[in-house]
Amino acid sequence: MSIELNHTIVTAKDKKASAQFLADILGLEVGPQYGPFIPVEIPNGVTLDYLESGGGPITPQHYAFLVSDDEFDTIFGRIKDARLTYWADPYHTVVNEINTNDGGRGVYWDDPNGHSLEILTKPYGSGS
């Protein structure tokens, strides 16, 4: 049996708005509500299932998406068009720059709940 990630739950203050934020930036669709969840399906079949926190605290998580060079250009354009602050590093110290790790490109930005989102064109450790 092969093991694949099927879904993960993303806690949000407003699950509909948060799912739409991710879908808009990545150029994806928000799926129909399933139980208490609003899903955004990534092309490899994994879903990020948004769930409202019910007023409780949200622990920020990190979600990284491996994309092609063309997808990077398109998504990065949406990030800039939305006037979002972005960083070259996960610690948010190099502001409004991208990185060129492993011979690719990468960038980080935050969603409305403080989750750190990332797109990268080369997997970590893949070299140049």
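Only this structure's heavy atoms are used, side chains among them; waters, hydrogens and symmetry mates stay out.
- Using cut-offs of 30° and 60° on the angle between ring planes, the pair Trp87 and His92 is parallel.
- Taking CD of Glu71 as the start and CG of Leu66 as the end, the distance is 9.0 Å to the nearest 0.5 Å.
- Taken to the nearest 0.5 Å, the NE2 atom of His7 stands 13.5 Å off from the CD1 atom of Ile42.
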For the pair Tyr63 and Thr8, evaluate side chain to side chain contact (heavy atoms under 4.5 Å, CB included) and give the outcome as yes or no after the intermediate values. CA-CA 10 Å; Tyr63 301 97; Thr8 190; 3.8 Å; yes

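- A distance of 13.0 Å separates CD1 of Ile75 from NZ of Lys80, quoted to the nearest 0.5 Å.
- Atoms CG and CD, from Asp89 and Glu118 in turn, are 10.5 Å apart once rounded to the nearest 0.5 Å.
- In plain terms, the two heavy atoms of Ala17 and Asp14 that are nearest each other are N-OD1, 3.0 Å.
- Counting only distance, with no hydrogens or angles, the side chain of Asn113 and the backbone of Lys13 share a donor-acceptor pair below 3.5 Å.
- The structure places CD of Gln61 at 11.0 Å from CG of Leu48, a figure rounded to the nearest 0.5 Å.
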Could you go step by step and tell me if Leu120 and Asn101 meet the side chain to side chain contact (heavy atoms under 4.5 Å, CB included) rule? CA-CA 9 Å; Leu120 65 160; Asn101 298 340; over 6 Å; no

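- Using modelled atom types, one side-chain atom of Asn99 and one backbone atom of Gly106 make a donor-acceptor pair closer than 3.5 Å.
- Summarising the local packing, CD of Gln33 is surrounded by more than 12 heavy atoms from other residues, nucleotides or ligands at distances under 6.0 Å.
- The shortest heavy-atom contact between His62 and Tyr108 is CE1-CE2, 3.5 Å.
- Environment of OH in Tyr34: sparse, with no more than 12 heavy atoms of neighbouring residues, nucleotides or ligands closer than 6.0 Å.
- Considering every non-hydrogen atom in both Ala19 and Ile38, the closest pair reads CB-CG2, 3.6 Å.
- When each of Thr11, Val40, Ile9 is checked for a side chain to side chain contact (heavy atoms under 4.5 Å, CB included) with Tyr50, only Val40 meets the rule.
- Grouped by direct or indirect side-chain proximity (heavy atoms under 4.5 Å, Ile/Leu/Val/Met/Phe/Trp/Tyr only), Val46 sits with Leu5.
- Exactly one residue among Asp110, Ile119, Asn96, Leu117 makes a side chain to side chain contact (heavy atoms under 4.5 Å, CB included) with Tyr86. That residue is Asn96.
- In this structure, the side chains of Leu28 and Phe65 stay at 4.5 Å or more apart for every pair of heavy atoms.
- Interatomic distance, Phe37 CZ to Leu51 CG, rounded to the nearest 0.5 Å: 5.0 Å.
- Shown here for Gly114 and Pro60, the closest heavy-atom pair between the two residues is O-CB, 3.4 Å.
- Using modelled atom types, one side-chain atom of Thr121 and one backbone atom of Arg105 make a donor-acceptor pair closer than 3.5 Å.
- Contact record, Val30 with Gln20: CG2-OE1, 3.5 Å, taken as the closest heavy-atom pair.
- Panel note: side chain Lys15, backbone Pro36; a donor-acceptor pair is recorded below 3.5 Å.
- Nearest heavy atoms, Arg78 versus Ile25: NH1-O, 3.0 Å.
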Stepwise, does the side chain to side chain donor-acceptor pair (under 3.5 Å) test hold for Asp49 with Thr47? CA-CA 6 Å; Asp49 294 339; Thr47 60; 3.0 Å; yes

